[in-house]
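Take a look at the structure set out below.
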Amino acid sequence: MKYNVDERGYYGDFGGAYIPEMLYPNVAHLKEHYVQISQEASFQKEFKALLRDYVGRPTPLYFAERYSEKYGTKIYFKREDLCHTGAHKINNTIGQILLAKRLGKSRIIAETGAGQHGVATATVCALMGIQCIVYMGAIDIKRQAPNVARMKMLGAEVRPAQSGSKTLKDATNEAIRDWINNPEDTHYIIGSVVGPHPYPDMVARYQAIISEEIKSQLQEVEGRDYPDHVVACVGGGSNAAGTYYHYLDRPEVNIIAVEAAGKGIDSGESAATSALGKEGIIHGSKTLLMQTPDGQITEPYSISAGLDYPGVGPMHAHLFRSGRAEFISVTDDEAMTAGLELSQLEGIIPAIETAHAFAIFEQRKFGPEEVVVVNLSGRGDKDLNTYIDYFKL
Ligand SMILES: *Cc1c(COP(=O)(O)O)cnc(C)c1O
């Protein structure tokens, strides 16, 4: 079984590029060039230098002693929360801005829901002096005021999407419309391993630095380059794709994906795509998504804005369907409790997305000699108000 993308842009049954005809030239252009450009020595040199000097990589692989003791196994945290801008998303936007420059693009567009990807995109555009337009649902603009302010301060223009439910899906539609109208000078930076091929593979490659570092860091401390289990939360699936990437074809490594069950899988308010999803097409790729029997996409819900997505990237749909990965879903309450516990056991306040990954230790037991690596995808500063309301702090 092959777990990475094939030549046609599929992961097993999932992936591909289901796009309007007017988008063909843009996507085809990207598909022709992304691998070759990303592998060029000059690209790799600039990418690695920026990841080191600007993002702050390598991020530490931290052995969590108190946490390990509590759960009776050996637990390491991969500290993506220490990246510049507070999460893994910057790895991808750095890669894509370097690609855009080499493709001769002078204008960047992006979509954002909670605003984290918008901030990561605005950041690299400021870094490179490139024009940046971020589409965001009008309702999200109201809900995520601090990130809107950050984007503006970084010099980006935030354009409200006024159609439909005025959230992420509508912002995505606006971004696609913009791209169709501006094919020559514009690159569209997608923020997760979703969208038409080649986006899922491209984003996974830029995030693969996470597992590349885990391999050499584990080699040093454990004398082998792999853990028994790798764990990551899955929204669209980019931090997870980066954490799993170099272990996809290593059967000795168990892959664990953690989804948001919101108020409970059967509550009608969740984002547990593997448990509830059916095959369908969203944002240009065939994948698993939550939908009604007649194929309308169901509005997802999670307390964490970053996991509040009705689908998963095609890589994860395939990891689920093939049985390569173990999928666990975690409710809002379980995640919030885990976030508080992580804060008090290790002095690390995680993003609420990230807290979902840590909640599995209450339901999934590991042996005392097993090595578990959890990707600590982001820090919790952005979520402080949600923590305050929830715990009445
Ligand atoms: C955006 C975000 C996620 C979810 O996105 P993925 O593409 O699934 O990684 C997870 N954790 C943090 C901290 C985020 O900001």
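Predicted, not measured: the structure shown is a model, and the values here were computed from it. Just so you know, ligand 1 is whichever comes first in the structure, and atom 1 is the first atom listed for that ligand.
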List ligand 1 atoms under 4.0 Å from C233, heavy atoms only on the residue side.
10 (C)

Show, in sequence, the C-alpha distance, side-chain angles and deciding distance for L276 and I265, and conclude whether the side-chain contact (heavy atoms from CB on, under 4.5 Å) test is met.
CA-CA 8 Å; L276 300 170; I265 287 187; 3.7 Å; yes

May I ask you to list the atoms of ligand 1 that are less than 4.0 angstrom from any heavy atom of G306?
4 (C)

Ring centres under 6.0 Å, that's the criterion: do Y67 and F358 meet it?
yes

Does any N or O of ligand 1 fall below 3.5 Å from an N or O anywhere on S238, backbone included?
yes

Mind checking whether G237 has an N or O less than 3.5 Å away from an N or O of ligand 1?
yes

Numbered atoms of ligand 1 (with element) below 4.0 Å of S192, judged on heavy atoms:
6 (P), 7 (O)

Can you tell me which residue and heavy atom of the protein come closest to atom 12 (C) of ligand 1, and the distance to 0.1 Å?
S377 OG, 3.5 Å

For ligand 1, which atoms have a heavy atom of G378 less than 4.0 angstrom away?
13 (C)

So which protein heavy atom does atom 10 (C) of ligand 1 come closest to, and at what separation?
E353 CB, 3.5 Å

Take R177 and E174, measure what salt bridge (charged side-chain N to carboxylate O under 4.0 Å, His left out) needs, and give me the verdict at the end.
CA-CA 5 Å; R177 198 164 309 146; E174 296 285 333; 3.4 Å; yes

List every atom of ligand 1 that sits less than 4.0 Å from any heavy atom of G235, numbering the atoms from 1 in the order shown and giving each element.
8 (O)

Check: of Q116, K89, K382, H117, min heavy-atom distance to atom 2 (C) of ligand 1 comes from K89

Under 3.5 Å donor-acceptor, R224 side chain and Y226 backbone
yes

Could you tell me if Q144 and K382 have a donor-acceptor pair between their side chains, going purely by distance under 3.5 Å?
no

Is there at least one pair of N or O atoms, one from A240 and one from ligand 1, spaced under 3.5 Å apart?
no

May I ask you to decide whether R79 forms a salt bridge with E213, counting only side-chain N to carboxylate O separations under 4.0 Å?
no

Judged by modelled atom types alone, do Y135 and N173 share a side-chain donor-acceptor pair under 3.5 Å?
no

Salt bridge check: are E212 and R57 linked by an N-O gap of less than 4.0 Å?
no

With a cut-off of 4.0 Å, which atoms of ligand 1 are near a heavy atom of T354?
13 (C)

Using heavy atoms and a 4.0 Å limit, tell me yes or no: is H88 in contact with ligand 1?
yes

May I ask you to say whether E46 pairs ionically with R102, meaning some side-chain N is under 4.0 Å from a carboxylate O?
yes

Which segment of A351 sits under 4.0 Å of ligand 1 when only heavy atoms are counted:
side chain

